[in-house]
Structures are given as structure tokens and as C-alpha cells.
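Throughout, a chain's letter reflects where its sequence line sits, starting with A, and its residues are numbered from 1.
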There are 2 protein chains.
Amino acid sequence: MVAFVNLISGKWAIPILYRLIVEGRPVRFGELQRAAAPITQKELTRHLRLFEEQGLVTRTVHPEMPPRVEYTITDLGRTLQPTLDSLAAWMRTHGATLSHTK
Amino acid sequence: MVAFVNLISGKWAIPILYRLIVEGRPVRFGELQRAAAPITQKELTRHLRLFEEQGLVTRTVHPEMPPRVEYTITDLGRTLQPTLDSLAAWMRTHGATLSHTK
DNA sequence: CCCATTAGTATCAAAAAGGTGCCTACTATA
DNA sequence: TATAGTAGGCACCTTTTTGATACTAATGGG
């Protein structure tokens, strides 16, 4: 199970993946960045590259200017939906209960 | 949802919590350490303190020698079960698919 | 010429996580 | 007497992760 943590590791992994799943369509880089704000470009890029490597996401480059790159959830990535739904539901129900002490 | 990642952050959080949930009874420190091997004392302690702070786990010290400290999942902690079950199921089904490139 | 746009890369710095070794208190056992 | 076992604390160090900033390419608009 340690591997799962590895997979969704990184502060931003879950929000990014969830967004891609919810949208179900190709999503542009900038859109993802706004969805997972305040993530930096660098971190978003890094996460997306990891997901691509794991086969969770597909990357499509449109050779235009300004550049347009779209990310789409794969079938494998989509299998995460029930789990992420469960996460989201838990957060809605119990999220407020948690202390946010740093 | 970033908060969730925060909650279960750390390589070991999920295995520890899951063990506590599955057992459902007070579990000793050493037992948890073996369950989440090869975690170090320091990290296990840190995680358990965090869980305690979040109200997911109760810590009970028995003033004996050698010391005995037991950790028990709380009601709040138990609400994580369906989500963690889902995680575990996903790993069983798709875990092997993932690349483990570092 | 200046500026904005997009999806990055490069570089540097800071913060978080993790590892190691040493110490304790008391008991039991060899 | 020496040693092991328990659940840590504390100090020090290395590695990993995250973040902040500046920079770029190719085009369109003013």
C-alpha cells in the first residue's frame, strides 16, 4: 500500500487527477494550474510527467503559438474515480473536523 | 482536497492507519512498527502524534516497566475505512500495472 | 518597439522527510 | 554482572520535495 502513496504522492496529485477525471475531456495546462492553485508551473509539470509515466494521463501537444498542450485521463486513470470520490466525500464530511495546526 | 493529502501525508500514514482500523483494538507501538516495517521509531512516533492531534487515534500510556503504550483508532478514524478499503482494492487490481521507475 | 500569451526549462533556496546513533528507566533472565 | 526488551527523546546529518524567480519561443496587437 506504500506504493499507492507513492503514486498519488505530492501535495497536488489528488486535486490534479480528480479534475482530469471529473472533466473527462482534454484539459489544458493552464486550466489545471488554475484548478490546483496555487501550484507552480514546475510542480504541475512534474506531476503531469509522473502521471504520464504511470499511464494515468495522456499528453497531447498542439504545435501552435502560443503553445497548447492538453492532458486527458486514460482508462487506467479513470479506474481511480471511485477511490477519489470516496476521498472527496470523506473530506466534505469530516474535513472541517481536522485541526490545521502546522 | 489538498488537506486530505496533508492528513494521510507521509509514506507510512496509510499502512499505519489501516492496520489500526483492521485490528480495531489497542495496538502497541512495537506491533505497529513491525506492521509498517521498515519504518523507523522516529517516523512512527511522528505519524502517531499527528494522528492523535487530528483525533484519528488515541494514545494510552500504561505506567509499567518496560513501558507499554497503546494506540487505538477513534470513531472519526474509523470513518476512513471505506476510503482506505477502496485504496487497498485499487492497489490489488492495478498496483502491478504501475511502473516503479524512480 | 513593447507587451501579452502559453507551457514549459534552468537555477537557486528553503522546508519537509527520513536515517543513525546515543541515552533513559526498570525488570527479567542468563 | 551483563544483556535484552520497550517506547520513546535528542542531536546531527543527508536526501527528497517543494517553492520562487527568471528566462524562452513564436506570434499577434497597439
Side-chain angles (χ1 to χ4, degrees), chain A residues 1-17 19-20 23 25-54 57-72 98-102, chain B residues 1-17 19-20 23 25-54 57-72 100-102:
Chain A
M1 205 128 83
V2 179
F4 191 97
V5 187
N6 228 319
L7 170 69
I8 57 164
S9 75
K11 211 166 150 179
W12 312 100
I14 294 184
I16 297 169
L17 279 176
R19 176 65 169 227
L20 285 165
E23 296 298 338
R25 51 161 183 99
V27 182
R28 294 191 61 177
F29 184 90
E31 227 177 317
L32 284 173
Q33 192 174 5
R34 282 184 293 278
I39 193 175
T40 58
Q41 287 169 347
K42 183 181 153 186
E43 284 302 297
L44 181 53
T45 301
R46 196 171 57 81
H47 279 92
L48 289 169
R49 291 292 198 289
L50 279 173
F51 297 152
E52 209 193 341
E53 201 182 303
Q54 303 289 326
V57 161
T58 310
R59 181 170 182 266
T60 315
V61 182
H62 299 84
E64 308 167 357
M65 198 56 60
R68 183 160 60 99
V69 180
E70 290 178 322
Y71 295 89
T72 315
L98 302 173
S99 38
H100 294 296
T101 318
K102 287 224 171 175
Chain B
M1 205 127 85
V2 179
F4 191 96
V5 187
N6 227 317
L7 171 69
I8 57 164
S9 74
K11 208 165 150 181
W12 313 100
I14 295 183
I16 297 169
L17 279 177
R19 176 65 170 227
L20 284 165
E23 296 297 338
R25 53 163 180 97
V27 182
R28 296 190 60 177
F29 184 89
E31 226 177 319
L32 284 173
Q33 191 172 7
R34 281 184 292 277
I39 193 176
T40 59
Q41 283 176 348
K42 184 181 156 186
E43 285 303 296
L44 181 53
T45 300
R46 195 170 59 80
H47 278 92
L48 288 170
R49 292 291 199 284
L50 281 173
F51 296 151
E52 209 193 340
E53 202 182 303
Q54 302 289 326
V57 160
T58 309
R59 181 169 182 267
T60 314
V61 182
H62 298 85
E64 309 168 354
M65 199 56 59
R68 182 159 62 99
V69 180
E70 289 179 324
Y71 296 89
T72 315
H100 295 295
T101 319
K102 287 228 167 168

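- Contact annotation: A:Arg49 reaches the phosphate of C:dG8 (side-chain N/O to OP1 or OP2, under 4.0 Å).
- Atom CG in A:Leu48 sits about 15 Å away from atom C1' in C:dT9, given to the nearest Å.
- B:Arg59 places its CZ atom 12 Å from the C1' atom of D:dG9, with the value rounded to the nearest Å.
- Contact check, A:Lys11 against D:dG19: a side-chain N or O comes under 4.0 Å of OP1 or OP2.
- For the atom pair CG of A:Leu44 and CZ of A:Phe29, the computed distance is 4.0 Å after rounding to the nearest 0.5 Å.
- Within the structure, every side-chain polar atom (N or O) of A:Arg68 is placed at least 4.0 Å from both OP1 and OP2 of C:dA7.
- Nearest approach of A:Tyr71 to A:Val57, heavy atoms of both residues: CD2-CG1, 3.8 Å.
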In B/S/- notation (B base, S sugar-phosphate only, - none; protein heavy atoms under 4.0 Å), nucleotides 20-30 of chain D written 5' to 3' is B-B---BS---
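- One finds the CG atom of B:Leu32 at 12.0 Å from the NE2 atom of B:His47 (value rounded to the nearest 0.5 Å).
- Shown here are the side-chain hydrogen bond (donor to acceptor under 3.5 Å, both in side chains) partners of B:Arg46, two or more places apart in sequence or in another chain: B:Glu43.
- Residue B:Arg46 has a polar side-chain atom (N or O) positioned under 4.0 Å from OP1 or OP2 of C:dA17.
- Interatomic distance, CG of A:Leu48 versus OG1 of A:Thr58, reported as 11.5 Å (0.5 Å rounding).
- Counting to the nearest Å, the P atom of D:dG8 and the NE2 atom of B:His62 are 12 Å from each other.
- Taking every side-chain heavy atom of A:Phe29 into account, C:dA7 is the closest of C:dA7, D:dG19, C:dG18.
- As a whole-Å value, the separation of A:Ile16 CD1 from C:dA7 P is 14 Å.
- Rounded to whole Å, atom P of C:dG8 lies 10 Å from atom CD of A:Glu52.
- Atoms CG and CZ, on A:Leu20 and A:Phe51 in that order, are 8.0 Å from each other to the nearest 0.5 Å.
- At least one side-chain nitrogen or oxygen of B:Arg28 sits closer than 4.0 Å to the OP1 or OP2 atom of D:dA7.
- We find that CD of B:Glu43 is positioned 16 Å from C1' of C:dG21, with the value rounded to whole Å.
- Distance CD1 (B:Ile39) to P (C:dG18): 8 Å, rounded to an integer number of Å.
- For the side-chain hydrogen bond (donor to acceptor under 3.5 Å, both in side chains) condition, the pairs that include at least one residue of residues 28-42 of chain A, sequence neighbours left out, are A:Arg25-A:Glu31.
- Within the structure, every side-chain polar atom (N or O) of A:Arg34 is placed at least 4.0 Å from both OP1 and OP2 of C:dT6.
- As a whole-Å value, the separation of B:Gln33 CD from D:dG5 P is 13 Å.
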